[in-house]
Peer 1: 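Pasting a structure below so you can have a look.
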Amino acid sequence: MSDLASRITKPDEPAKKVDWAESVEADENKQQAEAEAAAGAAEAQVDGAVEELGGSGLQEPEWDVEVSLSELQANEATPFHSATQWQDMGLSEDLLKGLLALKFLKPSKVQGKSLPLMLSDPPRNMMAQSQSGTGKTAAFVTAILSRVDFTKPDQPQALALAPSRELARQIEGVVNAIGRFIEPLKVAAAIPGALPRDQPVRSAVIVGTPGTVQDVIKRRQLDVSQLKVLVLDEADNMLDQQGMGDQCLRVKNMLPKSVQILLFSATFPDKVGSYATKFAPNAHSLKLQRSELTVKGISQMFIDCADDNIKYDVLCKLYGLMTIGQSVIFVKTRESANEIQRRMVADGHKVSALHAAFDGNERDELLSKFRQGENKVLITTNVLARGIDVSTVSMVINYDIPMKGRGDSEPDAETYLHRIGRTGRFGRVGVSISFVYDKKSYDALLGIANTYGIDLVRLDTDDWDEAEERVKEVIKKNRAQAAYAPSATDNAKAS
DNA sequence: AAAAAAC
């Protein structure tokens, strides 16, 4: 055991914690063997996918679908089954063509389960939970494009809200990608600085952030009288956040009472459950068990950095691995994002930083450069923790473990899950490495691991060869699988 | 106390 490892089990620490650390170490050999076996299995799976072409390659758990008794008794026409083909969903030919052109040959599980529910008549609210990178955006975008009447292309009919500018822009791109064959399709981004002032919005679909959307409705720039659908992406975050929860509610209250409300997220913590139920009453609900939330393709690891000063050195040692694919480094504050970026650049590394202190155009440009692979390493805050889809991201680093509550008293398990979900998208694999550097961060990571039943692999700062080998392994698997895992966002950027 | 989100 290295010096660093001995720090992790110092005697004043609770027994439970020691058990965890030791069991992780004891499992190392076993896990290595299993990893090798899994690598073989993954390759076989890829081969299978080649033959089957059309399977998404996703291994998703069974759903816990809540269906009321009266609905079960209704009749068979009520689509409480999972559709297995796009052709079963009554989509327009243009929409079908758009999906197939994106290589979305068959619906993923969340798409197959949620779309028949969202498109049922009369419309009913929906609360849908599915792991990161399983195609939630394409699911609600398809629902939106299916509900909109394109004989009235200037009339606002569907509104999607997201918690960050970047995510709103990304959804806008997916609407354009899936709706590529719909003519005329008009989409507007209601985010700061993107709409001409005092001009009416003449688009059937609007994607935006809550503050700007509230503003344009109040100014009567956006006519919501014919709005049919309201989507909250990252709904738990939108409703939980003080400020944003209010804004979302105010927006909803300005819309017609008949509007169909669709809530999507990978996480719906109990805390927001009752508020979400009030926000979208009588909703169809797709839920996951807590233990089903982890994405199997993401290898989750941690490094004991011993203390805060060593974190930066460890980060620089990982730089070579970060640039094999692309990487996102999450830190707590904007200021530390700036500072670490400056330092790494001074030390000869190419790293960019993105957070909400930059102005809108700069933010758009930074993310666009990252999507195009011009920048391989991006250091950021929680602004990019949720929803952002860059298929080539193979590594996520939690430089700071996400915390929440007064005085950062609690681990933020939801944010952890969303952050690592920036890799391993749609059947791909990825790596996450979390930095532990004191008792508090150690306890926090332990808490998160226990919450989801995660097996974390410990990387030794004395053995970088092993770290390198593990990371290269997953990236190799990723390449093999990449061709069979489509991405609407990749396509959006290309067009 | 921080991140995000409005003018």
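Values in this document were obtained by computation on a predicted structure and should not be read as measured data. Just so it is clear: chains get the letters A, B, ... in the order the sequence lines come, proteins before strands, and each one is counted from 1.
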Peer 1: Any side-chain N or O of A:Thr381 below 4.0 angstrom from OP1/OP2 of B:dA4?
Peer 2: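 Checking A:Thr381 against B:dA4: at least one side-chain N or O falls below 4.0 Å of OP1 or OP2.
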Peer 1: Within the side chain of A:Arg428, is there an N or O that forms a donor-acceptor pair under 3.5 Å with the backbone of A:Thr423?
Peer 2: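 No; zero donor-acceptor contacts below 3.5 Å.
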Peer 1: Measure CG/A:Asn338 against P/B:dA3 and give the value in whole Å, please.
Peer 2: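 Distance check: A:Asn338 CG to B:dA3 P gives 11 Å.
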Peer 1: Which of these nucleotides, B:dA5, B:dA4, B:dA2, is closest to any side-chain atom of A:Arg165?
Peer 2: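 Of the options given, the side chain of A:Arg165 lies nearest B:dA5.
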Peer 1: Quick one: is A:Arg334 getting a side-chain N or O under 4.0 Å of the B:dA4 phosphate, OP1 or OP2?
Peer 2: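 So the side chain of A:Arg334 is within the cut-off, an N or O lying under 4.0 Å from OP1 or OP2 of B:dA4.
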Peer 1: Given B:dA4, is OP1 or OP2 found less than 4.0 Å from the side-chain N or O atoms of A:Thr209?
Peer 2: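 For A:Thr209, the contact criterion (side-chain N or O under 4.0 Å from OP1 or OP2 of B:dA4) is not met.
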Peer 1: In plain terms, say whether A:Asp215 and A:Arg219 are close enough for a salt bridge, that is, a side-chain N and a carboxylate O under 4.0 Å apart.
Peer 2: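 Yes.
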Peer 1: Consider the side chain of A:His355, meaning its heavy atoms from C-beta on, and name the nucleotide among B:dC7, B:dA3, B:dA4 that approaches it most closely.
Peer 2: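 Between B:dC7, B:dA3, B:dA4, the one nearest the side chain of A:His355 would be B:dA4.
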Peer 1: Quick one: which residue pairs count as a salt bridge (Lys or Arg N to Asp or Glu O under 4.0 Å) with a foot in residues 249-261 of chain A, not counting sequence neighbours?
Peer 2: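 Qualifying pairs, neighbours excluded: none.
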Peer 1: Strictly by modelled atom types, are A:Arg147 and A:Gln157 linked by a side-chain donor-acceptor pair under 3.5 Å?
Peer 2: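 No pair is found: no donor N or O on one side chain lies under 3.5 Å from an acceptor on the other.
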Peer 1: Tell me which nucleotide among B:dC7, B:dA2, B:dA5 gets nearest to the side chain of A:Lys332.
Peer 2: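 The answer is B:dA2, which lies nearest to the side chain.
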Peer 1: Please state whether the phosphate of B:dA5, meaning OP1 or OP2, lies under 4.0 angstrom from any side-chain nitrogen or oxygen of A:Arg363.
Peer 2: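 It does, given that an N or O in the side chain of A:Arg363 lies less than 4.0 Å from OP1 or OP2 of B:dA5.
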Peer 1: For the residue pair A:Thr392 and A:Gln326, confirm or rule out a side-chain donor-acceptor distance under 3.5 Å.
Peer 2: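 Indeed, the side chains of A:Thr392 and A:Gln326 share at least one donor-acceptor pair under 3.5 Å.
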Peer 1: Any residue in residues 242-249 of chain A with a heavy atom nearer than 4.0 angstrom to DNA chain B? Just list them by number, or reply none.
Peer 2: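 The stretch gives A:Gln242, A:Met244 as the residues lying under 4.0 Å from the strand, ordered by number.
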Peer 1: Rounded to whole angstrom units, what separation is found between the CG atom of A:Leu354 and the P atom of B:dA3?
Peer 2: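 To the nearest whole Å, that distance equals 14 Å.
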Peer 1: Could you tell me which residues satisfy ring pair (Phe, Tyr, Trp, His ring centres under 6.0 Å) with A:Phe104, sequence neighbours excluded, listed by chain and number?
Peer 2: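 With sequence neighbours excluded, A:Phe104 shows a ring pair (Phe, Tyr, Trp, His ring centres under 6.0 Å) to A:Phe426, given in chain and number order.
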Peer 1: Taking the side chain of A:Ser164 as heavy atoms from C-beta outward, which of B:dA6, B:dA2, B:dA4 is closest to it?
Peer 2: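 From the listed options, B:dA4 comes nearest.
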